[in-house]
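First the structure, in the form of structure tokens, and then the observations on it.
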Amino acid sequence: MQDIYKPAEVETAAQARWEREAATRSLEKAGVPEYYCLCMLPYPSGRLHMGHVRNYTIGDVITRYHRMNGRNVLQPMGWDAFGLPAENAAIKNRVPPAKWTYDNIDYMRMQLKSLGFAIDWTREVATCHPKYYKWNQWFFLRMLEKGIAYKTTGTVNWDPVDQTVLANEQVIDGRGWRTGALVEKREIPMYYLKITAYADELLSALDGLPGWPERVKTMQANWIGKSEGVEFGFPHEGGQLKVFTTRADTLMGATYVAVAPEHPLAAKAAASDPKIAAFVEECRKGGITEAELATQEKRGMPAGMSVQHPLTGEPLPVWIANYVLMAYGEGAIGGVPAHDERDYEFAVRYGLPLKTVVRAPADPVPDVRVSGLGFLGKGGVVCNSGKYDGLGYQAAVEAIAADLAAKGLGKKRVQYRLRDWGISRQRYWGCPIPLIHCDACGDVPVPDADLPVILPEDLAPDGSGNPLAKHKAFVECACPKCGEPARRETDTMDTFVDSSWYFLRYACRDNDAAMVDERVNYWLPVDQYIGGIEHAILHLLYSRFWTKVMRDMGLVKFDEPFTNLLTQGMVLNHIFLRRTGAGALSYYSPAEVELKHDTDGRITGAVLKVDGEPVQYEGFGTMSKSKNNGVDPQALVERYGADTVRLFMMFASPPELTLEWSETGVEGAQRFLKRLWKAVSEHTTRGPAPALDRAALDEAQRELRRQVHETVAKVSDDIGRRYTFNTAIAAIMELLNAVTKLPGDALQDRAVKQEAYEALTLLLAPIVPHVCESLWSGLGHRDSVMAARWPAADPAALKRDTLELVVQVNGKLRGHIRVAAGASQEVLQEAALTEPSVQPFVQGKTVRKIVVVQGRLVNVVVA
RNA sequence: GCCUGGGUGGCGAAAUUGGUAGACGCAAGGGACUUAAAAUCCUUUGGCCGGCAACGGCCGUGCCGGUUCGAGUCCGGCCCCGGGCACCA
């Protein structure tokens, strides 16, 4: 072993050894417990960013930990290779998206390899490869046959200048990003997947996922948004205006009815009244995101008609209102301004009457005409509602639903907030939807034998529309049914389709005859899935849905794709900027800036290194290109080595929290590895250590051994159960501090140190595998550390004869006592009361009570 | 607007089931080594007060209130920051 730590040499040698020994290859083995550790696949944007490094380091630590614990572990990698950024790069650089994507994949694969992740590269998948997306198309056709995929219209952002559909992120302040034109909503035909048919199972199955964070399950449950309520109609001349409400108890308080601008009644009203038509047209302005719709100013216009209250027959005016969503319920609501904040705001603005029909249980019955927002929530009592007065929420809903049913106007039903999944995208760089449009036969599925429908890879988009639609060789085809000339569908699939099942394909990517095979049931479900919290809802919900559809078609034998889920936080860095000219901002990389501190170490300012002039410090923010505060992992690996980068990432904060980048923190991580290297190297230069003789140890040696085994127990728990890698590393650092402080060079000193250094190496192997490979062989082992077994704590070494307990008086710390390990309560109380530092606080006072917490503390309560 | 997390020293954080607040590391100060610097090693470090000192006291986990022998942790109300909101991935 060399006496100086040289990361580049160590890492090249370790990676070469793993390659030579095919150490990261995973094969299906009968009789060995399998473990599937999966990280969310990256979008090949060009270079890895720190979020990727964090994600894959977490996955690699878990992978290597379970390997050392004897499991047959699979850790695959792939590329979420279709998507918008490739088209944007194509527009900017005039390079076909395919070339850009494949080049990026090559570079990023090299980066991943240089970080030493134990990935089985023989299973690599790229979603833009025809051998992958063929199965998107094949499965889409199966869903079409079953009625799970269907066609209807959907709303999109429309740029009227470019005549193009825009993604939400391409709409900035209501305008198209390239043209600056005001964006409009437009209805176009699209294909949908009937995820709502699985709403109930997607919701109830969350209870069967104890390995998922509560927060993610709560978000998914709220997203699905199951609510029980009443669907009923407001009768009018032309029939009934249907609404759905969860608050039928407030029905007697309805003073108006409002419909969405896209509602058929609004269209009908617009046809005969130009003012209404203008208003409906006005509502088309702006984007389609829920955030935008929910924050816009509430506006409305009378539809020029009225309906009857279903219980009283009283006429109620119909309004067209922009705050009513066509996508939820029936696209219409009964307005109850006294008991709904949004209705209240609307009614106040347009002078609509209020009627108070619910009161707090303790309050007196209010005057019907009391204005203002009344009781909210479901804990009230119905009033001013005739026969329903005095009922609580549930009883009132039942009674009103029964009366509506008796009149043939309504019934109780369940409503979900979840909407079906629209998968059509009017974009080039995606998986073609396998349909052919024939004038005679309609929409005809592409026969299975003609799959995949191959996406031409040599087109370059120019920003106006989908180049596929202009590509004759792609569009023009023969109808599979009648053979006459027909047009191929040019919409491609949402990239969420690609990422909804890629984790299955890793198990069988060499099978060209089937989407999945038996190996999928060997590896799946995924034992541990790791990725960003930003995917908590959409990606994870779509993957769960897709898995259930495949199960129902008999393709897989499990119900849920991911047994355990770890959501990692974002990586942040300092943000520096200068204001240049007319409000323009110029961002500077933290690498170009020097921070100024006061004597307490507080940041007081910053200057640009090149000119020494101040720049504005904006605090921490997520690493991004636009803020110019990203850190290039490659530069770090070259400067410090992969192990240092991995160690810092895992040490700086627990995986679920955000991580603030710190160059000095990276240096600290490097310092630790150097100290470890030096310590082991000094130990091994004295030759092989003698065998450990447990009976011959002195107190200091026993104490160090105890710490070794306590550390083994703690690190096993921190990595294997808690996923708190930061505290595992802290314990390992403490152990190194302790070993290097053990004086003496006697035989048993060396034996205890050998045991300690071997434990340190094994415990660190999942986190910094390259350096541990060298240390392990330095400590006298011929096999790779990847083949070594995870250490086990020796219970005999953990045993303690005495314990130190805390003594509190009225909950305040007043002293410590040392007692025998098995001491009785009486002995503890006596020791606590007679402890000199405790005496002044109990003397002359009445002891009311003594609380003893086993192995921790004694609290004396005095008055 | 709706849904969901988070807030602890100068900084990243720790405290695992309600039981010693600040482990571990960074930064900063003092010292050793060195012609010097870097590197390395030793050492101090939440705030305030008292003491020559050993040490002791009080305060302290975003803010206000509550439960408890005991609250960073539980409950109620507020403030601030982040993630998601269905065509970014």
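Numbered from 1 within each chain, the chains take letters A, B, ... in sequence-line order.
- Between A:W661 and A:F648, the ring-plane angle classifies as perpendicular under the 30° and 60° cut-offs.
- Summarising the base pairing, B:rA32 is matched to B:rU40 through a Watson-Crick or G-U wobble pair whose two defining distances lie under 3.5 Å.
- Below 30°, between 30° and 60°, or above 60°: for A:H49 and A:H52 the angle between ring planes is below 30°, a parallel geometry.
- For the pair A:W212 CH2 and B:rG5 P, the computed distance is 15 Å after rounding to whole Å.
- Comparing B:rA38 with B:rU44, their C1' atoms sit 23 Å apart, to the nearest whole Å.
- Going from the C1' atom of B:rG12 to that of B:rG6 covers 15 Å, rounded to whole Å.
- A:F841 comes within 4.0 angstrom of sugar-phosphate atoms only, judged by non-hydrogen atoms across all strands, and of no base.
- For B:rG46, the paired base is B:rC59 (Watson-Crick or G-U wobble, both distances below 3.5 Å).
- Between A:R848 and A:N810, the side chains place no donor N or O within less than 3.5 Å of an acceptor N or O (distance only, hydrogens not considered).
- The distance between atom CG of A:D340 and atom P of B:rC2, rounded to the nearest whole Å, is 11 Å.
- Across the protein-nucleic acid pair, A:E835 atom CD and B:rG56 atom P stand 11 Å apart, rounded to whole Å.
- At B:rG19, none of the side-chain N or O atoms of A:K812 fall inside 4.0 Å of OP1 or OP2 (strictly under the cut-off).
- For the pair A:R814 and A:F841, the distance from NZ or CZ to the six-membered ring centre is under 6.0 Å and the angle to the ring normal is within 45 degrees.
- To the nearest whole angstrom, the two C1' atoms, one in B:rA15 and one in B:rG60, are 16 Å apart.
- Atom name P, nucleotides B:rC64 and B:rU73: the rounded distance is 13 Å, in whole Å.
- OP1 or OP2 of B:rG25 has not a single side-chain nitrogen or oxygen of A:N726 nearer than 4.0 Å.
- The only member of A:Y502, A:W501, A:W79 that meets side-chain hydrogen bond (donor to acceptor under 3.5 Å, both in side chains) when paired with A:Y132 is A:W501.
- Each of A:H816 and A:S653 was matched to the nucleotide of RNA chain B holding its nearest heavy atom; the match closer to the 5' end belongs to A:S653.
- Atom CD1 in A:I719 sits about 19 Å away from atom P in B:rU16, given to the nearest Å.
- Nucleotide B:rG72 has no partner under the Watson-Crick or G-U criteria, as no pair reaches both atom distances under 3.5 Å.
- Pairing for B:rA86 is absent, judged as Watson-Crick or G-U wobble with the two contacts each under 3.5 Å.
- A:S424 places a side-chain heavy atom less than 4.5 Å from the side chain of A:I433.
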Give me, pair by pair, the N or O atoms of the protein and of nucleotides 66-72 of chain B that are less than 3.5 Å apart, along with how far apart they are.
residue: B:rC69; atom: O2; partner: A:N859; partner atom: ND2; Å: 2.3

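- Looking at A:E290 and A:R417, a side-chain N of the basic residue comes within less than 4.0 Å of a carboxylate O on the acidic one, giving a salt bridge.
- If you check B:rA13, B:rU20, B:rC24 against the side chain of A:P654, the one that comes closest is B:rA13.
- Between A:L857 and A:S837, the residue anchored closer to the 5' end of RNA chain B is A:L857, taking for each the nucleotide with the nearest heavy atom.
- Across all strands, A:T218 comes closer than 4.0 Å only to sugar-phosphate atoms, never to a base (heavy-atom distances).
- Between A:F545 and A:W421, the ring planes lie perpendicular to each other; the angle is over 60°, past the 30° to 60° tilted range.
- Summarising the geometry, the separation between CD1 on A:I817 and C1' on B:rU20 is reported as 13 Å, rounded to the nearest angstrom.
- Comparing the C1' positions of B:rU20 and B:rG30 gives an interatomic distance of 30 Å, to the nearest angstrom.
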Would A:E663 and A:Y640 satisfy side chain to side chain contact (heavy atoms under 4.5 Å, CB included), going step by step from the backbone distance to the final call?
CA-CA 11 Å; A:E663 191 76 18; A:Y640 299 102; 3.0 Å; yes

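- Spacing of C1' atoms, B:rU67 relative to B:rG76, comes out at 11 Å, to the nearest Å.
- A:D717 comes within 4.0 angstrom of a nucleotide base, judged by non-hydrogen atoms across all strands.
- You'll find the ring centres of A:Y133 and A:F82 inside the 6.0 Å limit.
- Between B:rU4 and B:rU17, the two C1' atoms lie 25 Å apart (nearest whole Å).
- Atom CZ of A:R856 is separated from atom P of B:rA15 by 12 Å (rounded to the nearest Å).
- You'll find that the side chain of A:R722 is closest to B:rU16, out of B:rU20, B:rU16, B:rC26.
- Shown here for A:T567 and A:P213, the closest heavy-atom pair between the two residues is OG1-CG, 4.1 Å.
- Minimum interatomic distance between A:I188 and A:V165 (heavy atoms only, all atoms of both residues): CD1-CG2, 4.5 Å.
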Can you give one letter per nucleotide of nucleotides 81-89 of chain B, 5' to 3': B if a protein heavy atom sits under 4.0 Å from the base, S if only from the sugar-phosphate, - if neither?
-BBSBBBSB

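- Residues A:H816 and A:V806 have side chains in contact (heavy-atom distance under 4.5 Å, counting atoms from C-beta outward).
- Between A:D420 and A:K194 there is no salt bridge, since no side-chain N of the basic residue sits under 4.0 Å from a carboxylate O of the acidic one.
- In a base pair of the Watson-Crick type (N1 to N3 plus N6-O4 or O6-N4) or a G-U wobble (N1-O2 and O6-N3), with each distance short of 3.5 Å, B:rA15 is matched with no nucleotide.
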Could you run down nucleotides 39-50 of chain B 5' to 3' and tag each one B, S or - for protein heavy-atom contact under 4.0 Å?
-SS---------

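- With hydrogens and angles ignored, a donor-acceptor pair closer than 3.5 Å exists between the side chain of A:K714 and the base of B:rU16.
- A salt bridge is defined here as a Lys NZ or Arg NE, NH1 or NH2 lying under 4.0 Å from an Asp or Glu carboxylate O, and A:K185 with A:E262 fails to meet this definition.
- Straight-line distance from the CG atom of A:L657 to the P atom of B:rG12: 11 Å, rounded to whole Å.
- The nearest whole Å value for the distance from the CG atom in A:L206 to the P atom in B:rU4 is 14 Å.
- Here, B:rC11 and B:rA23 have their P atoms 15 Å apart, quoted to the whole Å.
- Taking syn as a glycosidic angle within 90° of 0, B:rG46 does not qualify and is anti.
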